[in-house]
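To start, the structure itself, in structure tokens.
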Amino acid sequence: MVQIKVEKAKIDQKQTSLLVIGVFENEQDFPQSKELDPSVLTYIKETLDNKEFRGTFGSNILVYTLGKGPMKKIMLLGLGKREKFTDEAARVCAGKAALKAKELGVKEFSILQFSNLDEGLIEAMTEGMALSLYSFDRYKAADKETAKIEDITILINSDSPRFQSIAERAAPVVESVNFARDLGNLPPNDCPPAYLASTALSLASEYGMKARIIERYEMENMGMGGIVAVGKGSNNPPKLIIMEYNGAGEGQKPYLLVGKAVTFDTGGISLKPGDKMDEMKYDKCGGCNVLAVLRAIASMKLAVNVVGIIPSVENMPSSTSYRPGDIVKMYNGKNVEVLNTDAEGRMILADALAYGIATYSPKAVVDMATLTGAAIIALGANVAALVGNNKQLVDRLRKTAEKTGEKMWDLPLHDEFFEQIKSNHADIKNIGGRPGGAITAAAFLSNFVNGTPWVHMDIAGTAWTQEGTFEKSYNPKGATGFGVRTLVKMLMEEEKPPASG
Ligand code: BES
Ligand code: ZN
Ligand code: ZN
């Protein structure tokens with residue numbers, strides 16, 4: 001991955017092939033402009049005065065310095081209106097700069113701090129650049145040959161080591177987001193549940209975590225009817241992946257993260273239409289993201305305890321598939337009437353939640369899943385739906401998401417929604433009809449959390465770039481890793497110093 005460092009340097013001293021300077025819309029000046037060679041500065045001022053470049057959000061213009069300075073060229077980068085500038089805007093602009101630099105074929109560039117120095121700005125600039133340079137090219141021979149940007153320097157006006165460490169802390173998070181994207185983008189033929197399981201085992205040994213895989217026969221013996229039922233239709237057996245990261249020592253209750261990892265969702269016997277079915281390879285993204293969160297916190301050695309549980313299956317139609325009409329006994333003893341085999345995510349999450357809560361008594365639970373098309377109908381493809389049983393936890397996640405730019409909004413879990421999943425023949429049924437479909441899915445899950453503080457995050461719209469996705473420089477096509485940064489941040493804010501002694 002690209003190396004990003006933060007350095008206090010005057011721009012007239014920085015040897016670089018490209019210097020990126022952010023300019024606010026309709027402003028004629030920018031920081032450190034006096035340090036530029038007067039002839040270069042005059043040229044830039046002309047460009048700004050003549051309105052050839054106005055600094056509109058995300059626009060850019062190149063200025064060649066013709067040997068009048070240590071930088072070969074300068075990119076003026078539009079930051080948009082100053083009063084609308086946020087950390088998220090910085091993330092997007094920095095991403096645009098990095099993409100433009102990549103297009104120019106440079107191996108290295110420098111970028112001036114966009115606005116007043118604070119930690120959020122440096123974090124956002126680092127993230128925007130490193131995330132935008134991600135590409136999934138392992139199945140393409142040609143792309144590997146194009147030049148890669150190896151080093152980026154953010155030039156700042158303070159020598160406080162605080163800002164260096166912000167960029168250093170951001171690196172493992174971004175690497176983990178890109179790790180989640182790599183897994184999410186894998187085609188379903190190369191990523192059956194067993195592949196995710198072995199990936200989890202290698203992650204664990206690399207980062208000093210515990211990991212184990214519960215196999216199908218064990219799940220049968222343990223009564224995990226949901227995962228077993230969904231997994232039955234495929235020759236690729238289901239796996240239940242358990243990861244434990246103990247950063248806060250024994251005795252502190254863990255957070256439990258559960259991620260849906262359906263490596264391919266055909267819908268099963270309730271087969272999906274063919275159009276865009278290929279996108280259902282992304283139905284594993286919740287699970288991939290949970291693996292990525294564990295990778296990030298373990299590499300940062302956060303002082304928290306976190307358990308990750310990833311139920312992984314392939315949902316296929318075959319003579320051994322589960323069927324509409326089946327009644328399945330779940331891990332917590334509840335009977336579920338299956339009325340649609342395409343509502344498989346909740347079947348596997350239910351067992352994972354019930355098992356995780358019974359085994360680890362977590363202080364709080366977050367699950368992440370590409371669970372319902374209805375979440376996209378409710379909030380579009382750019383906002384994840386949050387539904388939970390604990391207002392504080394929901395608020396905390398939503399507020400953290402405001403800082404990371406990963407948009408999330410909560411939907412209510414009123415009693416009425418539980419009416420919709422009452423079954424004629426069993427305790428509950430696995431679908432609740434079209435109205436409020438994202439909420440009835442969550443109502444289903446809440447039957448398996450036993451009152452533990454819990455939030456469900458439906459990332460159906462945001463887990464990958466799809467129809468309706470707002471273009472963002474830092475989200476290249478494919479899996480986004482949406483949610484990883486927010487969960488890591490929430491856990492970083494939770495971090496407590498390890499008990500003394
Ligand atoms: N994986 C899908 C949900 C999905 C659909 C995610 C489109 C992203 C984009 C899930 O397993 C599913 O098929 N859900 C059904 C539930 C329905 C049968 C109650 C849905 O949303 O249609
Ligand atoms: Zn489905
Ligand atoms: Zn699914």
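Residues: numbered from 1 along the sequence shown. When a ligand or atom number is given, it counts from 1 through the structure's own listing order.
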### Task
Please list, in chain and residue-number order, the protein N/O/S atoms closer than 2.8 Å to the Zn ion (ligand 2).
Asp265 OD2, Asp342 O, Asp342 OD1, Glu344 OE1

### Task
With side-chain contact (heavy atoms from CB on, under 4.5 Å) as the test, would you mind laying out the steps for Met316 and Asn236 before giving the verdict?
CA-CA 10 Å; Met316 296 293 268; Asn236 293 316; over 6 Å; no

### Query
So, the side chain of Asn185 versus the backbone of Ala479: is there a donor-acceptor pair under 3.5 Å, distance only?
yes

### Task
Kindly state each residue pair satisfying ring-ring contact (aromatic ring centres under 6.0 Å, His included) with at least one member in residues 310-362, sequence neighbours excluded.
Tyr331-Tyr355

### Message
Residue by residue, ordered by chain and number, which ones reach under 4.0 Å of ligand 1 with a heavy atom?
### Response
Lys260, Asp265, Lys272, Met280, Asp283, Asn340, Asp342, Glu344, Arg346, Thr370, Leu371, Thr372, Gly373, Ile376, Ile431, Ala460, Trp464

### Message
Quick one about Thr465 and Asn475 (side-chain donor to acceptor, distance below 3.5 Å, no hydrogens or angles considered), yes or no?
### Response
no

### Query
Does Asn315 use its side chain to pair, donor to acceptor, with the backbone of Thr341 at less than 3.5 Å?
yes

### Message
If only side-chain N and O atoms count, and only distance matters, is there a donor-acceptor pair under 3.5 Å linking Lys334 with Asn447?
### Response
yes

### Query
Would a distance-only check, ignoring hydrogens and angles, find a side-chain to backbone donor-acceptor pair under 3.5 Å from Asp458 to Thr372?
yes

Could you list the donor-acceptor pairs under 3.5 angstrom formed between side-chain atoms of residues 213-232 and any protein atom two or more places apart in sequence or on another chain?
unit_1, atom_1, unit_2, atom_2, d
Glu215, OE1, Lys239, NZ, 2.7
Glu218, OE1, Glu215, N, 2.8
Asn221, ND2, Tyr217, O, 3.3

### Message
Once you measure the plane-to-plane angle for Tyr139 and Phe136, does it fall in the parallel (<30°), tilted (30-60°) or perpendicular (>60°) bin?
### Response
tilted

### Query
From the Zn ion (ligand 3) out to just under 2.8 Å, does an N/O/S atom of Leu371 turn up?
no

### Query
Can you find a side-chain donor-acceptor pair between Gln420 and Thr440 that sits under 3.5 Å?
no

